[in-house]
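Since the structure is predicted, the reported quantities are computational estimates derived from the model, not experimental observations. Keep in mind that the numbers below use all heavy atoms, side chains included, and drop hydrogens, waters and symmetry copies.
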Protein chains: 2
Amino acid sequence: MRITAIEEYGLRCLVALARLGPDEQASITEIAEMEGLSVAYTSKLLSILRKKGLVTAIRGRGGGFTIALPLNQISLYDVLVALGGPLIDPHHCEKRSGQLEQCVHLKSCSVQDVLGGLAGYIQEFLTDTSLQDIAFGLPSGFIQRAKNQIIIANTALKKELQNVNEGDSGA
Amino acid sequence: MRITAIEEYGLRCLVALARLGPDEQASITEIAEMEGLSVAYTSKLLSILRKKGLVTAIRGRGGGFTIALPLNQISLYDVLVALGGPLIDPHHCEKRSGQLEQCVHLKSCSVQDVLGGLAGYIQEFLTDTSLQDIAFGLPSGFIQRAKNQIIIANTALKKELQNVNEGDSGA
DNA sequence: AATATACTTTACAAATGTGTAAAGTTTTTA
DNA sequence: TAAAAACTTTACACATTTGTAAAGTATATT
């Protein structure tokens with residue numbers, strides 16, 4: 001379960017734009033520079049965001065991009081859905097049916113129930129977090145939680161490495 | 001942001017095993033049959049779960065797999081981490097640095113903060129949900145939340161299709 | 001001991017996701 | 001109107017993930 005590259009980089013471009021100040025714009029080249037991305041890739045990301053209505057493009061010389069809506073009206077959910085689609089794929093039961101036409105659990109599936117429940121839970125967080133929050137100050141508790149999470153990830157990695165070195169199961 | 005195929009199918013195999021009853025075992029062929037998966041793929045999934053210590057393999061004729069721990073001691077977090085790695089990649093800032101050696105935001109990154117906060121939030125849900133819960137009765141509220149989520153996904157799809165038909169932005 | 005059952009490992013083909021490249025279109029300025 | 005700046009589109013190469021195939025190893029039964 002992970003955030004895709006496009007989701008993350010797309011979000012970063014939006015945050016960079018958000019921080020410019022109201023009605024200020026930036027060109028693809030400038031945004032690429034700010035985020036350390038290639039111009040071509042930034043171009044693709046902005047193109048997706050534009051098609052989804054999150055940014056407005058001004059073409060021609062002197063053009064650039066602006067955020068299309070007030071920052072507190074764009075939620076993290078809007079951004080991630082724009083860049084990566086809904087948390088649950090509506091075609092899920094066809095795509096993840098294994099070898100069969102239909103998933104064997106189609107009518108009653110506890111795995112779907114729990115993953116759907118998870119998606120709903122995640123959505124609460126995502127809709128409660130606006131671009132305004134991300135760009136200009138996260139709600140209290142966020143940052144500490146983030147740091148804890150990085151510690152957990154590092155601990156897991158260390159353990160993993162230990163296992164590998166001991167030739168003990170591992171990867 | 002999505003659940004990977006291995007995470008979902010691996011979880012399904014575990015739930016299928018969990019439902020067998022205590023100390024009962026099933027062979028790869030049987031599990032594949034139960035879940036509508038190929039024997040080869042089921043084989044790979046069970047192999048991952050075994051290496052991570054979530055299932056025990058009994059080799060040879062009459063062999064099969066059992067869950068390695070009491071069901072209430074395996075959380076959904078354990079399962080997803082075993083199958084897909086930690087929610088945040090410890091190498092994240094190197095991997096997602098764009099064109100540069102280091103991410104431009106390395107020292108202070110609000111996107112990392114918010115995504116880390118999200119990961120911590122998700123982890124609460126995952127650690128609070130055990131294999132016992134999933135296999136034998138989800139906490140109240142889950143199922144309704146899951147259904148709502150599917151409605152949301154379908155609505156998004158319908159809207160998307162509408163846009164495409166109108167030639168209006170879309171994809 | 002031979003055979004059948006069943007887990008294990010490795011290699012590979014197909015699909016998806018990531019990122020680049022190049023040619024095209026639009027708008028402003030000189 | 002020509003040129004420069006800047007967005008747009010399409011095609012493609014590379015990497016990762018997904019799923020399959022085949023050969024190998026272990027154990028129980030006859």
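Rounded to whole Å, the distance from CG on L45(B) to P on dT18(D) is 10 Å. As rounded to whole Å, 15 Å separates atom C1' of dG17(C) from atom CD1 of I3(A). Regarding K95(B), its NZ atom lies at a distance of 17 Å from the P atom of dG17(C), rounded to whole Å. E33(A) places its CD atom 16 Å from the C1' atom of dA6(D), with the value rounded to the nearest Å. Rounded to a whole Å, the CD1 atom of I48(A) is 13 Å from the C1' atom of dT8(D). A straight line from CZ of F65(B) to P of dA26(D) spans 15 Å, rounded to a whole angstrom. One atom, NZ of K52(B), and another, P of dT8(C), lie 16 Å apart when rounded to the nearest Å. Rounded to whole Å, the distance from CD1 on I31(A) to P on dA6(D) is 12 Å.
Between F125(B) and Y121(A), the ring planes are tilted. Angles from 30° to 60° get that label.
Closest approach of E30(B) to S27(B), counting heavy atoms only: OE1-N, 2.8 Å. Between L131(A) and A18(A), the shortest heavy-atom contact is CG-CB, 4.2 Å. D128(A) approaches D133(A) most closely through the heavy-atom pair O-OD2, 3.7 Å. A pairwise comparison of heavy atoms in G84(B) and R2(A) identifies O-NH2, 4.0 Å as the closest pair.
One N or O on the side chain of T127(A) and one on the backbone of E124(A) form a donor-acceptor pair closer than 3.5 Å. Within the 3.5 Å criterion, the main-chain N or O of S97(A) finds a donor-acceptor partner in the side chain of Y9(B).
In this structure, R59(B) has no side-chain hydrogen bond (donor to acceptor under 3.5 Å, both in side chains) partners at least two apart in sequence or on a different chain.
Applying the salt bridge (Lys or Arg N to Asp or Glu O under 4.0 Å) test to residues at least two apart or on different chains, the pairs with a partner in residues 7-17 of chain B are R96(A)-E8(B), R12(B)-E35(B).
A 4.5 Å side-chain heavy-atom check between T42(B) and E33(B) finds every atom pair outside the cut-off. Side-chain atoms of I31(B) and I28(B), non-hydrogen and from C-beta on, never get closer than 4.5 Å to each other.
Nucleic acid contact for L46(B): none, since no nucleic acid atom lies under 4.0 Å from a heavy atom of the residue.
Within residues 5-27 of chain B, the residues approaching DNA chain D are A5(B), I6(B), Y9(B), by heavy-atom distance under 4.0 Å.
Nearest-nucleotide positions on DNA chain D for R2(A) and T29(A) put T29(A) closer to the 5' end.
One finds no side-chain N or O of R96(A) lying less than 4.0 angstrom from the OP1 or OP2 phosphate oxygen of dG19(D). The shortest distance between the side-chain N/O atoms of R50(B) and the OP1/OP2 oxygens of dT8(C) is below 4.0 Å.
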I need a per-nucleotide contact map over nucleotides 20-30 of chain C, read 5' to 3'. Cutoff is protein heavy atoms under 4.0 Å; write B for the base, S for backbone only, - otherwise. BB--BBBBB--
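Axis angle, first five pairs versus last five pairs of the helix from dA1(C)-dT30(D) to dA30(C)-dT1(D): 10°, rounded to 10°.
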Please set out all donor-acceptor pairs under 3.5 angstrom arising from side-chain atoms of residues 66-76 of chain B, sequence neighbours excluded.
unit_1	atom_1	unit_2	atom_2	d
S75(B)	OG	Y77(B)	N	3.3
S75(B)	OG	D78(B)	N	3.0
S75(B)	OG	D78(B)	OD2	3.1

